[in-house]
Amino acid sequence: MPSPYLGEDLIFLISQPRSGSTLMQRVLSGHPDIQTSAETWLMLNPAYSLRESGVTAEYGAKWRKEAVEEFLGNYTSGREIYDDAIRAYAQTVYGNALSRAGKKHFLDKTPRYFFIIPDLYRLFPKAKFIFLLRNPMAVLASELDTYVKGDWKILGWFGPDLVSAPRWILDGIELLGADAITVRYESFVETPESETQRLCSYLGIDFHETMVEYTNTPAPKGKMNDPTGVHQHSRPQTSSVNSWKRLADDPQSNAFAHGYLNDLGDELMEQFGYDAAAIRSALGPAPDPDDTSLYPWSLALKDANQWSICERYRHEQYEAVKRH
């Protein structure tokens, strides 16, 4: 029986959304051996298929999980055979993309793989893992500008990206250890040549100077990608490194920034590599939490269906003040 596929030709790029992963993807895809695409989300359903929570389905995900586990326990060699089936699925799909492109490595840039880092590592221990870190305040500023655009009710959609992802990414870095590489966005845009060389060394591929100058590198096809930023330039730029500081200029953004920073906590920020005290200093004083003209951070992150009576009243207060 042939050995199972363990992801020998896979590269997973994992980060918070809005961390510069599209930029790094564009640089790496300039290598002649690397194929990529817009975010695939390919491995999320397979990895979630036997989870206790986090997935719902019309047919009843909990019952499906129980039925599959019964079948695996009674009639097969067990859970490992199911993992081998997931590996075969991945080999078929990624392998077809590689054979069509005539390339050797597939780079899957799907930020929400932060949900399934242990699963990916278990399934594909021979894959390469890149963790890209960026100042979470810059991530927040980019989310507000790119997607939220003043509609505070939808900020909750990005709650896991903002609040949960940093901890899961740190846990992933600890779990994988020397089997992964960690890159900071700020270092990547300040010294792109040396950081790209470091990435190439980890990936076991040659560095090409043309990778950093990505003008002639085609953008990945698909809409699940960065709609701004990377397309405005031809190489990594430092102009956005401190752009998060503009959060201090708007009371609402400043309130969100302080709320976010408090949620993450100083210890996590330090582990992520950023100085919480320096960030607070740059943001300035936190706004009055009782100011009804400001939308509360805690409310913005919560699904409206889960609001308490007090929270619903606070939302209506804000809307009334806004209309007035």
Side-chain angles (χ1 to χ4, degrees), residues 11-40 103 105-114 128-147 161 165-166 169 173 180-247 272-275 279 282:
I11 304 167
F12 293 111
L13 174 51
I14 301 171
S15 69
Q16 288 181 271
R18 313 306 303 164
S19 289
S21 57
T22 302
L23 172 62
M24 180 175 286
Q25 175 191 40
R26 189 74 168 272
V27 169
L28 290 175
S29 65
H31 192 282
D33 289 338
I34 293 180
Q35 176 64 19
T36 193
S37 73
E39 297 173 17
T40 73
K103 300 193 178 185
H105 308 281
F106 191 90
L107 170 62
D108 189 339
K109 191 273 294 187
T110 300
R112 282 196 167 178
Y113 280 171
F114 60 70
K128 299 293 187 179
F129 290 83
I130 301 170
F131 291 105
L132 176 61
L133 307 185
R134 188 179 187 182
N135 185 340
M137 294 301 109
V139 173
L140 172 65
S142 186
E143 291 275 19
L144 293 176
D145 288 347
T146 307
Y147 299 125
D161 302 337
I169 289 171
I173 291 171
I181 186 172
T182 301
V183 180
R184 298 193 181 282
Y185 170 81
E186 295 82 4
S187 299
F188 184 66
V189 296
E190 287 168 3
T191 56
E193 285 83 5
S194 62
E195 288 295 273
T196 304
Q197 287 178 27
R198 190 165 71 92
L199 282 165
C200 288
S201 177
Y202 164 72
L203 296 173
I205 58 178
D206 294 329
F207 169 71
H208 295 255
E209 292 184 0
T210 53
M211 294 170 69
V212 175
E213 294 283 351
Y214 55 78
T215 306
N216 296 320
T217 302
K221 296 178 182 178
K223 67 179 182 180
M224 299 294 288
N225 232 331
D226 180 7
T228 61
V230 65
H231 311 297
Q232 300 173 6
H233 307 286
S234 60
R235 61 175 285 122
Q237 302 288 322
T238 59
S239 56
S240 62
V241 168
N242 291 313
S243 61
W244 63 270
K245 292 182 179 180
R246 70 179 182 274
L247 291 168
F272 225 58
Y274 300 93
D275 187 336
I279 291 172

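- Of the possible polar contacts, none joining the Ser142 side chain to the Ala138 backbone as a donor-acceptor pair under 3.5 Å is found.
- When side chains are defined from C-beta on, Ile169 counts as touching Ile173, because their heavy atoms get closer than 4.5 Å.
- Leu23 is listed as a side-chain neighbour of Pro236, based on a closest heavy-atom distance under 4.5 Å.
- The side-chain tip of Arg184 points at the ring of Tyr274 from less than 6.0 angstrom away and within 45° of straight on.
- In this structure, CD1 on Ile14 lies 9.0 Å from CG on Asp108, to the nearest 0.5 angstrom.
- Judged by distance alone, with hydrogens and angles left aside, the side-chain atoms of Arg134 form no donor-acceptor pair with the main-chain N or O of Val139 at under 3.5 Å.
- Phe114 has its side chain within reach of Pro17: a pair of non-hydrogen atoms, C-beta onward, lies under 4.5 Å apart.
- A donor-acceptor pair under 3.5 Å links the side-chain atoms of Ser29 to the main chain of Arg26, judged by distance alone.
- With a 4.5 Å cut-off on side-chain heavy atoms, Leu133 and Thr182 count as touching.
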Glu39/Lys109 under side-chain contact (heavy atoms from CB on, under 4.5 Å): CA gap, chis, key distance, verdict | CA-CA 6 Å; Glu39 297 173 17; Lys109 191 273 294 187; 3.5 Å; yes
Between side-chain atoms of residues 201-208 and protein atoms elsewhere (two or more places apart, or another chain), which donor-acceptor pairs fall under 3.5 Å?
{"unit_1": "Tyr202", "atom_1": "OH", "unit_2": "Phe129", "atom_2": "N", "d": "2.8"}
{"unit_1": "Tyr202", "atom_1": "OH", "unit_2": "Phe129", "atom_2": "O", "d": "3.3"}
{"unit_1": "Tyr202", "atom_1": "OH", "unit_2": "Asp179", "atom_2": "O", "d": "2.7"}

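- In this structure a side-chain-to-backbone donor-acceptor pair under 3.5 Å is present from Tyr214 to His233.
- Within the 4.5 Å cutoff, side-chain heavy atoms of Met211 are placed close to those of Leu28.
- Residues Phe12 and Thr110 have side chains not in contact (no heavy-atom distance under 4.5 Å, counting atoms from C-beta outward).
- Between the side chain of Thr36 and the backbone N or O of Leu107 there is at least one donor-acceptor pair closer than 3.5 Å.
- Screening Met24, Gln16, Gln25 for a side chain to side chain contact (heavy atoms under 4.5 Å, CB included) with Leu132, the sole residue that qualifies is Met24.
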Let me see the working for Ser234 and Glu213 under side-chain contact (heavy atoms from CB on, under 4.5 Å), right down to the final yes or no.
-> CA-CA 6 Å; Ser234 60; Glu213 294 283 351; 3.9 Å; yes
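- Under the ring-ring contact (aromatic ring centres under 6.0 Å, His included) criterion, Tyr185 pairs with no residue at all, not counting sequence neighbours.
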Yes or no on side-chain contact (heavy atoms from CB on, under 4.5 Å) for Leu144 and Leu140, after CA distance, side-chain angles and deciding distance?
-> CA-CA 6 Å; Leu144 293 176; Leu140 172 65; 4.0 Å; yes
